[in-house]
Amino acid sequence: MNRKTGFRFLIRIMERWKNTARSFGEVSNFRDTSIEEMESALAKYKGGEVMLSKEYWNEGIAVIYLNHPEKKNAMSGKMIVDLRKCVAELESFKDGKAVILTSKGDNFCSGGDLDFVRASGTPQGGFFMSTIMHNTLKRFRNLPLTSVSLVHGPTLGGGAELSVYSDFLLAADNVKLGFVHGKMGIMTPWGGTTRLRQLLGERKALELLLGSKVYSAEECLQFGLVSKVVNTTNRLDEALDYVRQLTIHHPSIVRAYKTVTSHYDEEQFEKSLVLERELFHPMWGSELNTAALNKNIKHLEQKK
Ligand SMILES: CCCC(=O)SCCNC(=O)CCNC(=O)[C@H](O)C(C)(C)COP(=O)(O)OP(=O)(O)OC[C@H]1O[C@@H](n2cnc3c(N)ncnc32)[C@H](O)[C@@H]1OP(=O)(O)O
């Protein structure tokens, strides 16, 4: 084989590899993918919905509900895209004062939908998901609306990450909240490490993340993670009262305070998210992650 034929042979092998990779939806230069393409890749993983309720809109309060009851409100790819649409709509809620992030059914969110996790488990899948979620949650945090997460029942993995992106966290007395990612052979994909570091400081953030323990409402309160424990049955009414008391002033004042506090350390926050994304995406579908998924772990079961 002379040099020219050898070169052509190499090109053919590379082309074949690229085509094989494409047939699995994988491309070698996935970092160049546009946000729109990432969104449509995620939207293919169906199941559940995320809805924006305007029931209290006239009071300046929006409510976002996660709804995927048959899977304990686990987030599918489609739900990730839905959440993004809700945030986009809230960006033009001009007289709004507050948003409550909560869910229908008997818990807040059991994390990523494990069927979606398995099906999207490649570095590219991880990169797309964390890029989109980082962007959505950053935009959620930057809304000029005071945000409150209201959680109940199992709030695990990605569910715990979502819960801490609001300004305030209210936990129902039946909550079981845990950053269980380590047990799943991954680190936080949705910016949870960056957000916990910002909220609680280095030691407490590391304790929550490295321990992978599941905490009760009272324990979360003692940790400084939760602002108030509410009654599970009346939780939405209690959350609405809490929000109304927080936002007594004119929308222009409420929005101005929130705008300054959320943009305070934006540059540092962004840098930390980039690092988190870089470290996370090769873990998605890795050997460690696959081995953990194969164990079908139920995080609330006591070890015998
Ligand atoms: C993407 C960010 C990183 C992550 O979030 S990784 C995911 C972390 N989450 C998990 O691993 C959750 C594993 N599941 C559990 O621990 C338990 O199912 C959980 C949530 C404590 C609920 O326990 P129980 O109340 O006893 O209910 P159960 O186990 O019978 O569940 C009812 C049905 O819901 C399903 N489910 C729960 N969490 C899910 C999830 N994340 N993805 C997909 N399906 C999920 C569960 O398989 C069961 O379905 P089925 O009725 O057996 O068909």
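What's counted below: heavy atoms across the whole structure, side chains too, no hydrogens, waters or symmetry copies. Read the numbers this way: they start at 1 and go in the same order the structure lists the ligands and their atoms. Along the sequence shown, residues are numbered consecutively beginning with 1.
Proximity of atom 26 (O) of ligand 1 to the protein is not indicated, since no non-hydrogen protein atom lies closer than 4.0 angstrom. Taking a distance limit of 4.0 Å, we find that atom 19 (C) of ligand 1 is approached by no protein heavy atom. Distance screen at 4.0 Å: atom 51 (O) of ligand 1 has no protein heavy-atom neighbour inside the cut-off. Distance screen at 4.0 Å: atom 16 (O) of ligand 1 has a protein heavy-atom neighbour inside the cut-off.
In terms of protein heavy-atom proximity, atom 21 (C) of ligand 1 is closest to Leu300 CG, 3.6 Å. Among all non-hydrogen protein atoms, the one lying nearest atom 45 (C) of ligand 1 is Lys71 O, 3.8 Å. For atom 24 (P) of ligand 1, the nearest protein heavy atom (residue, atom name, distance) is Lys72 CE, 4.0 Å. Of the protein's heavy atoms, Lys298 NZ, 3.8 Å lies nearest to atom 46 (C) of ligand 1. The protein non-hydrogen atom at the shortest distance from atom 11 (O) of ligand 1 is His299 NE2, 3.0 Å. Of the protein's heavy atoms, Gly112 O, 3.0 Å lies nearest to atom 41 (N) of ligand 1.
Between the side chains of Ser130 and Glu276, no donor N or O sits under 3.5 Å from an acceptor N or O. Side-chain contact annotation: Arg84 with Thr136, donor-acceptor N/O pair under 3.5 Å present.
Under 4.0 Å is where a charged nitrogen must lie from a carboxylate oxygen, and between Arg255 and Asp95 no such pair does. Taking 4.0 Å as the cut-off between side-chain N and carboxylate O, Glu266 and Arg141 do not count as a salt-bridged pair. Salt-bridge check for Glu161 with Arg195: failed, with every basic side-chain N at 4.0 Å or more from each acidic carboxylate O.
Among the atoms of Gly158, some N or O lies under 3.5 angstrom from an N or O of ligand 1. Considering backbone and side-chain N/O atoms, Leu114 comes within less than 3.5 Å of an N/O atom of ligand 1.
Annotation: Phe127 is in aromatic contact with Phe30 [ring centroid separation under 6.0 Å].
The number of heavy-atom neighbours closer than 6.0 Å to CD of Glu287, taken from other residues, nucleotides and ligands shown, is 12 or below. Within 6.0 Å of the NE2 atom in His263, the count of heavy atoms belonging to other residues, nucleotides or ligands exceeds 12. Sparse packing is recorded around OH of Tyr257, with 12 or fewer heavy atoms of other residues, nucleotides or ligands lying under 6.0 Å away.
With a heavy-atom cut-off of 4.0 Å, Lys176 does not touch ligand 1 at all. At a heavy-atom cutoff of 4.0 Å, ligand 1 is contacted by both the backbone and the side chain of Ser110. Under 4.0 angstrom from ligand 1, the non-hydrogen atoms of Ile297 all belong to its backbone.
Checking each of Thr194, Asp265, Thr193 against Ser272 for a side chain to side chain donor-acceptor pair (under 3.5 Å) leaves exactly one that passes, namely Thr194.
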